[in-house]
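To start, the structure itself, in C-alpha coordinates.
Source: prediction; values computed, not measured. Numbered from 1 within each chain, the chains take letters A, B, ... in sequence-line order.
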There are 2 protein chains.
Amino acid sequence: MEALKQVIHNESLVLNNSIIKADTFLNHQMNIELFNQMGQEFLNYFKTPIDKIVTCEASGIGLACIVAQYFKCNVVFAKKEPSLLMVEDYYTERVFSYTKQKESLFSIRKDLLAIDERILIIDDFLANGEALKGMISIVEQANAKVIGIGIAIEKGFQDGGKLIRQQGYDLKSLVIIDQIKNNELFFRE
Amino acid sequence: MEALKQVIHNESLVLNNSIIKADTFLNHQMNIELFNQMGQEFLNYFKTPIDKIVTCEASGIGLACIVAQYFKCNVVFAKKEPSLLMVEDYYTERVFSYTKQKESLFSIRKDLLAIDERILIIDDFLANGEALKGMISIVEQANAKVIGIGIAIEKGFQDGGKLIRQQGYDLKSLVIIDQIKNNELFFRE
(Lines give C-alpha, C1' and ligand atoms only; values in the text may rest on other atoms or scores of the structure.)
Protein backbone atom coordinates (compact mmCIF):
# COMPACT_ATOMS: atom_id res chain seq x y z
CA MET A 1 0.00 0.00 0.00
CA GLU A 2 1.85 3.02 -1.35
CA ALA A 3 0.18 5.67 0.84
CA LEU A 4 1.18 3.79 3.99
CA LYS A 5 4.74 3.24 2.75
CA GLN A 6 5.00 6.97 2.13
CA VAL A 7 3.82 7.84 5.65
CA ILE A 8 6.18 5.25 7.16
CA HIS A 9 9.00 6.69 5.09
CA ASN A 10 8.22 10.27 6.14
CA GLU A 11 7.21 9.84 9.76
CA SER A 12 8.46 6.67 11.35
CA LEU A 13 11.43 6.61 13.65
CA VAL A 14 13.95 3.80 13.39
CA LEU A 15 15.25 3.06 16.88
CA ASN A 16 17.66 0.33 15.83
CA ASN A 17 17.83 -2.38 13.19
CA SER A 18 14.76 -4.18 14.51
CA ILE A 19 12.50 -1.51 15.99
CA ILE A 20 10.53 1.15 14.16
CA LYS A 21 8.11 3.53 15.80
CA ALA A 22 4.86 4.63 14.20
CA ASP A 23 3.73 7.00 16.96
CA THR A 24 2.64 9.87 14.75
CA PHE A 25 0.15 7.97 12.61
CA LEU A 26 -0.56 4.44 13.91
CA ASN A 27 -0.23 3.65 17.59
CA HIS A 28 -0.09 6.81 19.67
CA GLN A 29 -1.46 9.49 17.38
CA MET A 30 -3.85 7.86 14.91
CA ASN A 31 -4.27 9.24 11.39
CA ILE A 32 -7.95 8.65 10.76
CA GLU A 33 -7.88 9.47 7.06
CA LEU A 34 -5.07 6.96 6.57
CA PHE A 35 -7.01 4.39 8.64
CA ASN A 36 -9.92 4.81 6.24
CA GLN A 37 -7.63 4.16 3.27
CA MET A 38 -6.44 1.04 5.08
CA GLY A 39 -10.03 -0.08 5.66
CA GLN A 40 -10.71 0.23 1.93
CA GLU A 41 -7.56 -1.80 1.16
CA PHE A 42 -8.62 -4.61 3.49
CA LEU A 43 -12.09 -4.66 1.94
CA ASN A 44 -10.58 -4.79 -1.57
CA TYR A 45 -8.39 -7.71 -0.51
CA PHE A 46 -10.76 -9.86 1.56
CA LYS A 47 -13.97 -9.20 -0.45
CA THR A 48 -15.97 -11.52 1.79
CA PRO A 49 -18.66 -11.17 4.45
CA ILE A 50 -17.30 -10.75 7.98
CA ASP A 51 -19.45 -11.05 11.10
CA LYS A 52 -17.06 -9.52 13.59
CA ILE A 53 -13.59 -8.02 13.89
CA VAL A 54 -11.34 -9.15 16.75
CA THR A 55 -8.38 -7.09 17.93
CA CYS A 56 -6.50 -6.55 21.21
CA GLU A 57 -5.69 -3.70 23.57
CA ALA A 58 -4.63 -1.13 22.91
CA SER A 59 -3.16 0.07 19.67
CA GLY A 60 -5.19 -2.22 17.42
CA ILE A 61 -8.52 -0.87 18.61
CA GLY A 62 -8.67 2.37 16.64
CA LEU A 63 -7.75 0.78 13.34
CA ALA A 64 -10.16 -2.10 13.95
CA CYS A 65 -13.07 0.32 14.52
CA ILE A 66 -12.41 2.24 11.32
CA VAL A 67 -11.93 -0.98 9.31
CA ALA A 68 -15.19 -2.35 10.76
CA GLN A 69 -17.10 0.36 8.92
CA TYR A 70 -16.00 -1.16 5.59
CA PHE A 71 -17.21 -4.61 6.61
CA LYS A 72 -20.34 -3.25 8.35
CA CYS A 73 -19.65 -5.22 11.51
CA ASN A 74 -18.79 -4.71 15.17
CA VAL A 75 -15.45 -5.09 16.96
CA VAL A 76 -14.47 -7.08 20.04
CA PHE A 77 -11.12 -6.39 21.63
CA ALA A 78 -9.21 -8.81 23.84
CA LYS A 79 -8.59 -7.28 27.25
CA LYS A 80 -5.07 -7.55 28.58
CA GLU A 81 -5.42 -7.17 32.30
CA PRO A 82 -7.90 -8.20 34.95
CA SER A 83 -10.56 -5.87 36.27
CA LEU A 84 -13.00 -6.05 39.15
CA LEU A 85 -15.75 -6.03 36.54
CA MET A 86 -14.71 -9.23 34.76
CA VAL A 87 -17.16 -11.57 36.46
CA GLU A 88 -18.36 -13.59 33.46
CA ASP A 89 -16.80 -16.58 31.68
CA TYR A 90 -13.88 -15.67 29.44
CA TYR A 91 -11.77 -17.35 26.80
CA THR A 92 -8.15 -16.61 27.73
CA GLU A 93 -4.64 -16.99 26.38
CA ARG A 94 -1.28 -15.98 27.84
CA VAL A 95 0.69 -13.59 25.59
CA PHE A 96 4.20 -12.25 26.16
CA SER A 97 4.91 -8.72 24.96
CA TYR A 98 8.49 -8.02 24.00
CA THR A 99 8.08 -4.24 24.01
CA LYS A 100 6.35 -4.20 27.41
CA GLN A 101 8.54 -7.03 28.75
CA LYS A 102 5.65 -8.73 30.45
CA GLU A 103 3.03 -11.40 30.04
CA SER A 104 -0.63 -10.49 29.64
CA LEU A 105 -3.71 -12.64 29.87
CA PHE A 106 -5.76 -11.92 26.73
CA SER A 107 -9.43 -12.33 27.62
CA ILE A 108 -12.67 -12.20 25.62
CA ARG A 109 -16.09 -12.82 27.14
CA LYS A 110 -17.40 -16.14 25.91
CA ASP A 111 -20.79 -14.80 24.90
CA LEU A 112 -19.20 -12.26 22.52
CA LEU A 113 -17.95 -14.95 20.12
CA ALA A 114 -20.34 -17.43 18.52
CA ILE A 115 -19.79 -20.82 16.89
CA ASP A 116 -19.02 -20.51 13.15
CA GLU A 117 -18.93 -16.71 13.32
CA ARG A 118 -16.76 -15.31 10.51
CA ILE A 119 -13.95 -13.36 12.18
CA LEU A 120 -11.44 -10.90 10.73
CA ILE A 121 -8.50 -10.25 13.08
CA ILE A 122 -6.99 -6.76 12.83
CA ASP A 123 -3.81 -5.45 14.44
CA ASP A 124 -1.35 -2.63 13.90
CA PHE A 125 1.98 -4.50 13.94
CA LEU A 126 3.11 -8.06 13.34
CA ALA A 127 6.58 -9.08 14.53
CA ASN A 128 7.02 -12.44 16.25
CA GLY A 129 3.27 -13.00 16.16
CA GLU A 130 2.69 -13.60 19.88
CA ALA A 131 -0.36 -11.31 20.12
CA LEU A 132 -1.76 -12.70 16.88
CA LYS A 133 -1.36 -16.29 18.04
CA GLY A 134 -3.21 -15.36 21.24
CA MET A 135 -6.13 -13.88 19.31
CA ILE A 136 -6.31 -16.85 16.90
CA SER A 137 -6.36 -19.24 19.87
CA ILE A 138 -9.26 -17.38 21.48
CA VAL A 139 -11.29 -17.28 18.25
CA GLU A 140 -10.72 -21.00 17.76
CA GLN A 141 -11.54 -21.84 21.39
CA ALA A 142 -14.95 -20.34 20.55
CA ASN A 143 -15.22 -22.50 17.42
CA ALA A 144 -15.51 -19.32 15.39
CA LYS A 145 -13.65 -19.07 12.06
CA VAL A 146 -10.59 -16.94 11.34
CA ILE A 147 -11.55 -15.84 7.83
CA GLY A 148 -8.66 -13.45 7.52
CA ILE A 149 -6.00 -11.45 9.34
CA GLY A 150 -5.30 -7.83 8.44
CA ILE A 151 -2.10 -6.15 9.66
CA ALA A 152 -0.93 -2.61 9.00
CA ILE A 153 2.85 -3.15 9.23
CA GLU A 154 4.58 -6.53 9.22
CA LYS A 155 8.22 -6.83 10.17
CA GLY A 156 9.18 -9.42 7.57
CA PHE A 157 12.55 -10.04 9.21
CA GLN A 158 10.82 -11.57 12.23
CA ASP A 159 9.09 -14.92 12.12
CA GLY A 160 5.45 -14.18 12.92
CA GLY A 161 4.15 -13.66 9.40
CA LYS A 162 5.90 -16.71 7.97
CA LEU A 163 4.61 -18.99 10.73
CA ILE A 164 1.03 -17.77 10.46
CA ARG A 165 1.01 -18.17 6.65
CA GLN A 166 2.51 -21.67 6.94
CA GLN A 167 -0.48 -22.59 9.10
CA GLY A 168 -2.76 -21.64 6.22
CA TYR A 169 -4.26 -18.40 7.47
CA ASP A 170 -5.12 -15.70 4.94
CA LEU A 171 -2.84 -12.97 6.28
CA LYS A 172 -2.76 -9.60 4.53
CA SER A 173 -0.16 -7.09 5.68
CA LEU A 174 -0.55 -3.70 4.02
CA VAL A 175 3.20 -3.12 4.21
CA ILE A 176 5.99 -5.62 4.89
CA ILE A 177 9.38 -4.31 5.99
CA ASP A 178 12.00 -6.89 5.06
CA GLN A 179 15.02 -5.17 6.48
CA ILE A 180 16.14 -2.15 8.45
CA LYS A 181 19.76 -1.27 7.77
CA ASN A 182 21.57 1.90 8.80
CA ASN A 183 18.23 3.59 9.49
CA GLU A 184 16.97 2.72 6.01
CA LEU A 185 13.81 0.66 5.48
CA PHE A 186 13.56 -1.96 2.75
CA PHE A 187 9.98 -2.82 1.81
CA ARG A 188 8.86 -6.12 0.26
CA GLU A 189 7.46 -5.56 -3.25
CA MET B 1 -29.42 10.47 23.63
CA GLU B 2 -32.41 8.13 23.29
CA ALA B 3 -30.73 5.47 21.13
CA LEU B 4 -27.95 5.05 23.69
CA LYS B 5 -30.42 4.93 26.61
CA GLN B 6 -32.27 2.19 24.79
CA VAL B 7 -29.13 0.11 24.26
CA ILE B 8 -28.10 0.62 27.90
CA HIS B 9 -31.57 -0.42 28.97
CA ASN B 10 -31.54 -3.54 26.78
CA GLU B 11 -27.94 -4.69 27.08
CA SER B 12 -26.14 -3.37 30.12
CA LEU B 13 -25.57 -5.46 33.18
CA VAL B 14 -26.00 -3.92 36.63
CA LEU B 15 -23.45 -5.53 38.96
CA ASN B 16 -24.52 -3.63 42.06
CA ASN B 17 -25.88 -0.19 42.87
CA SER B 18 -22.78 1.60 41.59
CA ILE B 19 -21.41 -0.51 38.74
CA ILE B 20 -22.93 -1.05 35.32
CA LYS B 21 -21.25 -2.98 32.55
CA ALA B 22 -21.47 -1.98 28.91
CA ASP B 23 -19.47 -4.87 27.47
CA THR B 24 -21.76 -5.69 24.56
CA PHE B 25 -21.75 -2.26 22.92
CA LEU B 26 -19.18 0.12 24.45
CA ASN B 27 -16.01 -1.20 26.04
CA HIS B 28 -15.43 -4.82 25.10
CA GLN B 29 -17.59 -5.34 22.04
CA MET B 30 -17.99 -2.01 20.26
CA ASN B 31 -21.17 -1.20 18.33
CA ILE B 32 -19.81 0.81 15.42
CA GLU B 33 -23.18 2.00 14.12
CA LEU B 34 -24.02 3.31 17.60
CA PHE B 35 -20.58 4.95 17.81
CA ASN B 36 -21.39 6.80 14.58
CA GLN B 37 -24.65 8.06 16.05
CA MET B 38 -22.68 9.23 19.07
CA GLY B 39 -20.19 11.05 16.82
CA GLN B 40 -23.06 12.90 15.15
CA GLU B 41 -24.46 13.85 18.58
CA PHE B 42 -21.12 15.26 19.72
CA LEU B 43 -20.81 17.25 16.48
CA ASN B 44 -24.35 18.62 16.90
CA TYR B 45 -23.51 19.69 20.45
CA PHE B 46 -20.00 21.14 20.12
CA LYS B 47 -20.42 22.68 16.62
CA THR B 48 -16.89 24.09 16.71
CA PRO B 49 -13.57 23.35 14.97
CA ILE B 50 -11.42 20.79 16.78
CA ASP B 51 -7.75 20.17 15.95
CA LYS B 52 -7.31 16.90 17.78
CA ILE B 53 -9.13 14.40 19.96
CA VAL B 54 -7.41 13.12 23.10
CA THR B 55 -8.47 9.90 24.81
CA CYS B 56 -6.80 7.19 26.92
CA GLU B 57 -6.15 3.47 26.77
CA ALA B 58 -8.04 1.36 26.16
CA SER B 59 -11.79 1.56 25.95
CA GLY B 60 -11.96 5.22 24.87
CA ILE B 61 -9.91 4.63 21.73
CA GLY B 62 -12.54 3.10 19.48
CA LEU B 63 -15.17 5.72 20.20
CA ALA B 64 -12.60 8.50 19.81
CA CYS B 65 -11.61 7.25 16.35
CA ILE B 66 -15.19 7.12 15.10
CA VAL B 67 -16.00 10.54 16.61
CA ALA B 68 -12.87 11.98 14.99
CA GLN B 69 -14.41 11.39 11.58
CA TYR B 70 -17.16 13.91 12.41
CA PHE B 71 -14.62 16.57 13.41
CA LYS B 72 -12.21 15.65 10.58
CA CYS B 73 -9.26 15.40 12.94
CA ASN B 74 -6.80 12.85 14.32
CA VAL B 75 -6.72 11.14 17.71
CA VAL B 76 -3.97 10.86 20.32
CA PHE B 77 -4.40 8.39 23.14
CA ALA B 78 -2.63 8.58 26.49
CA LYS B 79 -0.62 5.43 27.10
CA LYS B 80 -1.03 3.80 30.48
CA GLU B 81 2.07 1.74 30.93
CA PRO B 82 5.75 2.07 30.07
CA SER B 83 7.26 0.41 27.02
CA LEU B 84 10.83 -0.08 25.83
CA LEU B 85 9.91 2.13 22.89
CA MET B 86 9.02 5.23 24.91
CA VAL B 87 12.33 7.06 24.50
CA GLU B 88 11.05 10.58 23.78
CA ASP B 89 9.88 13.35 26.12
CA TYR B 90 6.37 12.76 27.50
CA TYR B 91 3.80 14.74 29.43
CA THR B 92 2.67 12.48 32.28
CA GLU B 93 0.08 12.31 35.04
CA ARG B 94 -0.56 9.64 37.67
CA VAL B 95 -4.10 8.22 37.53
CA PHE B 96 -5.68 5.71 39.88
CA SER B 97 -8.17 3.24 38.39
CA TYR B 98 -10.82 1.97 40.75
CA THR B 99 -11.88 -0.90 38.51
CA LYS B 100 -8.29 -2.06 37.92
CA GLN B 101 -7.25 -1.22 41.50
CA LYS B 102 -3.95 0.25 40.40
CA GLU B 103 -2.22 3.45 39.49
CA SER B 104 -1.20 4.14 35.90
CA LEU B 105 1.11 6.78 34.49
CA PHE B 106 -0.79 8.46 31.65
CA SER B 107 1.74 9.55 29.03
CA ILE B 108 1.52 11.53 25.79
CA ARG B 109 4.55 12.39 23.66
CA LYS B 110 5.22 16.10 23.95
CA ASP B 111 5.50 16.66 20.21
CA LEU B 112 1.97 15.30 19.64
CA LEU B 113 0.29 18.24 21.44
CA ALA B 114 0.90 21.83 20.29
CA ILE B 115 0.42 25.17 22.06
CA ASP B 116 -3.12 26.54 21.57
CA GLU B 117 -4.28 23.40 19.79
CA ARG B 118 -8.06 22.98 20.17
CA ILE B 119 -8.62 19.65 21.92
CA LEU B 120 -11.77 17.58 22.40
CA ILE B 121 -11.38 14.91 25.08
CA ILE B 122 -13.44 11.74 24.52
CA ASP B 123 -13.98 8.84 26.89
CA ASP B 124 -16.49 6.04 27.35
CA PHE B 125 -17.34 6.39 31.06
CA LEU B 126 -17.17 9.18 33.62
CA ALA B 127 -17.43 8.22 37.31
CA ASN B 128 -15.10 9.90 39.80
CA GLY B 129 -13.27 11.64 36.97
CA GLU B 130 -9.75 10.44 37.72
CA ALA B 131 -8.92 9.50 34.13
CA LEU B 132 -10.50 12.70 32.84
CA LYS B 133 -8.51 14.87 35.27
CA GLY B 134 -5.34 13.12 34.08
CA MET B 135 -6.11 13.87 30.45
CA ILE B 136 -7.03 17.51 31.19
CA SER B 137 -3.76 17.94 33.08
CA ILE B 138 -1.73 16.61 30.17
CA VAL B 139 -3.51 18.82 27.62
CA GLU B 140 -2.94 21.86 29.84
CA GLN B 141 0.70 20.98 30.50
CA ALA B 142 1.08 21.32 26.72
CA ASN B 143 -0.68 24.71 26.80
CA ALA B 144 -3.26 23.31 24.43
CA LYS B 145 -6.94 24.16 25.03
CA VAL B 146 -9.64 21.81 26.28
CA ILE B 147 -12.48 23.01 24.05
CA GLY B 148 -14.84 20.30 25.16
CA ILE B 149 -15.20 16.92 26.80
CA GLY B 150 -17.47 14.24 25.34
CA ILE B 151 -18.47 11.22 27.44
CA ALA B 152 -20.74 8.35 26.45
CA ILE B 153 -22.09 7.41 29.90
CA GLU B 154 -21.74 9.53 33.03
CA LYS B 155 -22.52 8.08 36.43
CA GLY B 156 -24.25 11.13 37.87
CA PHE B 157 -24.23 9.68 41.38
CA GLN B 158 -20.44 9.95 41.48
CA ASP B 159 -18.64 13.28 41.73
CA GLY B 160 -16.54 13.48 38.55
CA GLY B 161 -19.03 15.29 36.31
CA LYS B 162 -20.00 17.86 38.94
CA LEU B 163 -16.37 18.71 39.72
CA ILE B 164 -15.38 19.05 36.08
CA ARG B 165 -18.38 21.30 35.29
CA GLN B 166 -17.67 23.45 38.37
CA GLN B 167 -14.22 24.07 36.91
CA GLY B 168 -15.88 25.55 33.83
CA TYR B 169 -15.24 22.82 31.28
CA ASP B 170 -17.82 22.22 28.56
CA LEU B 171 -18.67 18.62 29.41
CA LYS B 172 -21.26 16.77 27.33
CA SER B 173 -22.33 13.33 28.51
CA LEU B 174 -24.66 11.59 26.07
CA VAL B 175 -26.39 9.78 28.91
CA ILE B 176 -26.29 10.52 32.65
CA ILE B 177 -27.36 7.79 35.05
CA ASP B 178 -28.46 9.44 38.29
CA GLN B 179 -29.24 6.34 40.27
CA ILE B 180 -29.12 2.56 40.17
CA LYS B 181 -31.61 1.01 42.55
CA ASN B 182 -32.65 -2.64 42.70
CA ASN B 183 -31.11 -3.23 39.27
CA GLU B 184 -33.13 -0.37 37.77
CA LEU B 185 -31.42 2.58 36.07
CA PHE B 186 -32.70 6.14 36.50
CA PHE B 187 -31.57 8.50 33.75
CA ARG B 188 -31.25 12.28 34.11
CA GLU B 189 -33.71 14.05 31.80
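I53(A) and V146(A) fall into different hydrophobic clusters, defined by Ile, Leu, Val, Met, Phe, Trp and Tyr side-chain heavy atoms under 4.5 Å apart, directly or through other members. When hydrophobic clusters are built by joining Ile, Leu, Val, Met, Phe, Trp and Tyr residues whose side-chain heavy atoms come closer than 4.5 Å, directly or via intermediates, M38(B) is grouped together with F46(B). Grouping the Ile, Leu, Val, Met, Phe, Trp and Tyr side chains by contacts below 4.5 angstrom, directly or via other members, places I122(B) apart from L126(B). L63(B) and M30(B) fall within a single hydrophobic cluster, where Ile, Leu, Val, Met, Phe, Trp and Tyr side chains are chained together by heavy-atom contacts under 4.5 Å. Cluster annotation: L26(A) is connected to F77(A) through the hydrophobic network of ILVMFWY side chains, with a link wherever side-chain heavy atoms come within less than 4.5 Å.
When all heavy atoms are compared, the tightest approach of A68(B) to I32(A) is CB-CG1, 3.8 Å. Smallest separation of non-hydrogen atoms from C65(A) and G62(B): SG-CA, 3.5 Å.
Contacts of L15(A) with chain B are made by side-chain atoms alone, with heavy-atom separations under 4.5 Å and no backbone atom involved. At a 4.5 Å heavy-atom cutoff, the contact between I19(A) and chain B is made by side-chain atoms alone. Heavy atoms of V87(A) lying under 4.5 Å from chain B belong to its backbone as well as its side chain.
When each of V76(A), V75(A), L112(A) is checked for heavy-atom pairs under 4.5 Å with chain B, V75(A) comes out on top.
In terms of the side-chain contact (heavy atoms from CB on, under 4.5 Å) criterion, residue partners of A78(B) (sequence neighbours excluded) are, by chain and number, C56(B), F106(B), I108(B).
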I'd like a table of the N/O donor-acceptor pairs between chain A and chain B - cut-off under 3.5 Å, distance only.
| residue | atom | partner | partner atom | Å |
| --- | --- | --- | --- | --- |
| K21(A) | NZ | L85(B) | O | 2.5 |
| K21(A) | NZ | E88(B) | OE1 | 2.8 |
| K21(A) | NZ | E88(B) | OE2 | 2.9 |
| D23(A) | OD2 | R109(B) | NH1 | 3.0 |
| N27(A) | O | K79(B) | NZ | 2.9 |
| H28(A) | O | F77(B) | N | 3.1 |
| H28(A) | ND1 | F77(B) | O | 2.9 |
| H28(A) | NE2 | R109(B) | N | 3.0 |
| Q29(A) | OE1 | K52(B) | NZ | 3.1 |
| M30(A) | N | V75(B) | O | 2.6 |
| M30(A) | O | V75(B) | N | 3.3 |
| I32(A) | N | N74(B) | OD1 | 3.1 |
| N36(A) | ND2 | Q69(B) | OE1 | 3.0 |
| K52(A) | NZ | Q29(B) | OE1 | 3.1 |
| Q69(A) | OE1 | N36(B) | ND2 | 3.1 |
| Q69(A) | OE1 | Q69(B) | NE2 | 2.9 |
| Q69(A) | NE2 | Q69(B) | OE1 | 3.0 |
| N74(A) | OD1 | I32(B) | N | 3.0 |
| V75(A) | N | M30(B) | O | 3.3 |
| V75(A) | O | M30(B) | N | 2.6 |
| F77(A) | N | H28(B) | O | 3.1 |
| F77(A) | O | H28(B) | ND1 | 3.0 |
| K79(A) | NZ | N27(B) | O | 2.9 |
| E81(A) | OE1 | K102(B) | NZ | 3.1 |
| L84(A) | N | T99(B) | O | 2.9 |
| L85(A) | O | K21(B) | NZ | 2.5 |
| E88(A) | OE1 | K21(B) | NZ | 2.8 |
| E88(A) | OE2 | K21(B) | NZ | 2.9 |
| T99(A) | O | L84(B) | N | 2.9 |
| K102(A) | NZ | E81(B) | OE1 | 3.1 |
| R109(A) | N | H28(B) | NE2 | 3.0 |
| R109(A) | NH1 | D23(B) | OD2 | 3.0 |

